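What follows is one structure encoded as structure tokens, with my remarks underneath.
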Amino acid sequence: MNASQDHIINDQACFHCGLDVPVKSQFVTVISGKPRRMCCPGCQAVAQAITEGGLDNYYKHRTSEATSPEFSEQVIPDQLLAELALCDQPSIQKAFVTTLESGDKQASLVIEGITCAACVWLLEHHISNLEGVVKVSVNLTNHRAQLNWDESSIKLSEILLAIHRIGYQGHPYHPDKEEQLLAQETRKATRRLGIAGVFCMQVMMLAIALYAGDIQGLEDHLVTFIRWASFVLATPVVIYSARPFFEAALRDLKTRHLTMDVPVSLAIGGAYLASIWATVTASGEVYYDSVTMFTFFLLIGRFLEMKARHRTGRAGNSLMNLLPASAIVLRDSEEHMIPANDLCVGDRVLVKPGHTIPADGNIVSGKSSIDESALTGEYLPLSKNSGDPVVGGTINVENPIQIEITQVGAATQLSAIVRLLERAHEEKPAVARVADRLAGYFVAAVLLTAFTVAISWWFIAPQHAFWVTLSVLVVTCPCALSLATPTALTVATGTLRQNGLLITRGHVLESLSRATHIVFDKTGTLTEGNLSLQQVEPINTLSRDDCLSIASALESHSEHPIAKAFHHFSTLHGIAPADNVTNHVGQGLEGTVNGEHFFIGKPEFASRHCGQKLNYDAAPDDKNQWLLLASESEVIAWFGLNDPARKQALNTINQLRQQGLQVQMLTGDSSAAVQHIASELNIDQAISGVTPEQKLQHIQQLQDEGARVIMVGDGINDIPVLAGAQTSIAMGSATDLAKTNADAILISSDLHRLPQALNLARKTQSIIRQNLGWALIYNLIALPLAATGMIAPYMAAIGMSASSLVVVGNAMRLSKLSKMYRLKSNNQTSQKGR
């Protein structure tokens, strides 16, 4: 040893793995500035890889000393350490890591190896105890984890390493990567299920011969042959097909946590070993058929649950897969094809007809229609002009356009939608949290019950004690209980997203189902949110089209919201351009058209210049906002503008009333249009002219009186009331701040989705109650039957698997309910129209 090694800390155990260090061992690694002794060159190489990868903090933050690590025998390969270290690089994190306002980092991970709710508890408990981890939530249904951490205290690679240490594998979430993992999981599950099915059938045929031999008699050498043949056929099922159960059970026992894999492994392993003993000693009974059948039916249940989970997972992946792999960048007036991931803010991109927009940006050249159906559910393309924003993942339909990139990577709206979905999944409703806790306690109760049954039968009939206990372990496996809530919530959330309602908080489905009141903002929510020309009333001899042509020529020089109501008509009429246009702020416009001077604006403004004094009271009615067009000698025409109600608003409100909700309108608008809209939509209570604070006070008063309120709004002035309501929904056209503070976003801005969402939320709660009730009733019935010896092990296997299939199948009905309800709503609408 050299001089530096004279100061080595004289530990008796290897600093890395905890095993004793041989006396003559000279393997040393410098960790955190101090030389540490290693027991072998393997530990030295791994420790050096950890140190060189910048993961020294692993030794600082590991939760147990090196003398007794829970998974010290797992040597992490150098290649894996290098891969984990790559996750700390900013260029890699750009695609899946975002920085929160607090400065913490947030990432979405995919976790391999999860089998039940207890796995979720173990992962959340273990990761949250790591220093620097702020928050972690694992979703059982799609096996994704939402992780917040302080980068100054812990690196992402250290967290991933900690996940590997307890027997799971964590990967940064990316649709392509997850698709690979899903495909790999499907192949493995199919292989295991196929082997179990094939060999199960062979063992069952041999078992029938044994059963027949017990009745009619069978020679001893044939009995021995059949038993050994059954042993050979059952062994691949136990060793290969049932391997995931044993691995998960071993992992759970090492982490001192009970999951459903523990009783399942005890049942399979116990029956298999007992059958081997009976085969070798030529005594007792063999149950190779029960072992293979139990494994086969359990794998069927998990396979179907996996396919349902993959289906809901792919629904979320399809969002990110909307982005193209490449983009055409314009540099020095030349087109360059580059990977879409390499785009930077400020790049100018050419998007040809039929191509997908690669990132968020603004149109700088061209005019086209954009298909946003994948995001909003609206099947009609939207017209977009120069200056309009476009969203990555939408499709350019008609003409080539050039866009300037404003957001890339995790900052795009598409990524924001995915994060909102993840936030909804991570916030578990109370019923889901109860089910998670219940599953862990239930496993402990099952094991205790099985032990009690075994002792009882040992004194009653020792020859039956083992098989009765085996049936108890199998029949009470809490698979259905663990799947009851998350499967239903995930299917319902995915169904609503596909129909244009994005749920961003975990409590929404529960609170929607219990709502009693729904309160709407007016402008932009019940109405279109922009003024449109409703009436033209000529006063003199000019025709309607002539009056409209003059007004459009003048208003084309203004970008005021009122002027925009006329812009559409400037392309429909062959009008002469207006000259010398002057804007009188808050009053109107004046200018020259075809050599004649005109005025348009408020009645008192326009009439003052023609010598006729008129005011707003002289307008045709009080339902619209009226503008007056006048020349220097006479008044010419009235133009009535209004913000019309959305076409689907009346039908939506009628459906909400039929569902038992009280409908109110709460708006800051104090004009006569409020009562007109309320009357048109049959809204009983409409409160106008209120400030944001007064809106919040009104909602809080309703809630204090026991109402469960849904607030629907879209503007900045709605933010306080959206945050204060029990359930808040922002329109798809709402401001970013409004969307951030809302519990759900109506991406398509189609109000018809609201009654559909309420219907689905109520059905979801009903199905969750059905699933939990079924799981509990099944166990209450099956447990006494198994404990009294009335259920054989193979019957228990069929019952347990069937129970899980009932729960998953019942939850999957939610994906069809929305279609049925939509057809019903459309039929009602068409009948009312007739």
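Please read all numbers here as calculations on a predicted model, not as lab measurements. These numbers come from the heavy atoms of this one structure, side chains and all, not from hydrogens, waters or symmetry mates. Residues: numbered from 1 along the sequence shown.
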From CG (Leu123) to OG (Ser137), nearest 0.5 Å: 11.0 Å
Any donor-acceptor pair under 3.5 Å from Asn129 side chain to His126 backbone: no
Closest heavy-atom pair and its distance - His355, Val351: O-CG1, 3.8 Å
Student check: side-chain heavy atoms of Leu509 and Leu496 closer than 4.5 Å: yes
Derivation and outcome, side chain to side chain contact (heavy atoms under 4.5 Å, CB included), residues Ile729 and Val508: CA-CA 10 Å; Ile729 301 175; Val508 170; over 6 Å; no
Flag for Thr98-Lys105: side-chain donor and acceptor within less than 3.5 Å: no
Heavy-atom closest contact (Phe245 atom, Ser265 atom, distance): O-OG, 2.8 Å
Beyond-backbone contact of Leu100 with Asn148, side-chain heavy atoms, under 4.5 angstrom: yes
Validation row: Ile154, Leu130 side chains within 4.5 angstrom (heavy atoms): yes
Atom pair OG (Ser728) and CD1 (Ile745), whose distance is rounded to the nearest 0.5 Å: 9.5 Å
Candidate pair Arg243 and Arg192, rule side chain to side chain contact (heavy atoms under 4.5 Å, CB included), full reasoning: CA-CA 9 Å; Arg243 181 178 176 181; Arg192 295 184 194 280; 3.9 Å; yes
With sequence neighbours excluded, residues passing salt bridge (Lys or Arg N to Asp or Glu O under 4.0 Å) with Glu151: none
Leu109 CG to Leu160 CG distance, which is reported to the nearest 0.5 Å: 6.0 Å
Residue pair Asp743 / Thr727, side-chain donor-acceptor N/O under 3.5 Å: no
Closest non-hydrogen atom pair between Phe246 and Val238, with its separation: CE1-O, 3.5 Å
Heavy-atom side-chain proximity of Pro389 to Asp360 below 4.5 angstrom: no
Ile357 side chain near Val391 side chain, heavy-atom distance below 4.5 Å: no
Separation of Glu510 CD from Thr764 OG1 (nearest 0.5 Å): 11.0 Å
His171 and Glu112: side chain donor to acceptor below 3.5 Å: yes
Shortest non-hydrogen separation from Tyr240 to Arg191 and the atoms involved: OH-NE, 3.1 Å
Within-4.5 Å side-chain heavy-atom neighbours: Val136 and Ile159: no
Pairwise side-chain contact, Ser241 with Pro236, heavy-atom cut-off 4.5 Å (strictly under): no
Contacts of type salt bridge (Lys or Arg N to Asp or Glu O under 4.0 Å), residue Asp104, not counting sequence neighbours: none
Thr356 side chain vs Pro324 backbone, donor-acceptor pair below 3.5 Å: no
Close side-chain approach of Val329 to Leu343, heavy-atom, < 4.5 Å: yes
Nearest heavy atoms of Gly132 and Ser153, plus distance in Å: CA-CB, 3.7 Å
Polar side-chain atom of Glu158 near backbone of Lys155 as donor-acceptor pair, under 3.5 Å: yes
Shortest non-hydrogen separation from Leu814 to Ala492 and the atoms involved: CD1-CB, 4.1 Å
CD1-CD1 distance between Ile163 and Ile111, expressed to the nearest 0.5 angstrom: 4.0 Å
Distance (rounded to the nearest 0.5 Å) between Met337 CE and Ser326 OG: 4.5 Å
Side chain to side chain contact (heavy atoms under 4.5 Å, CB included) partners of Leu193, counting only residues at least two apart: Phe296, Leu299, Ile300, Phe303
Check: Ser157 main-chain N/O paired with Asp88 side-chain donor or acceptor under 3.5 Å: yes
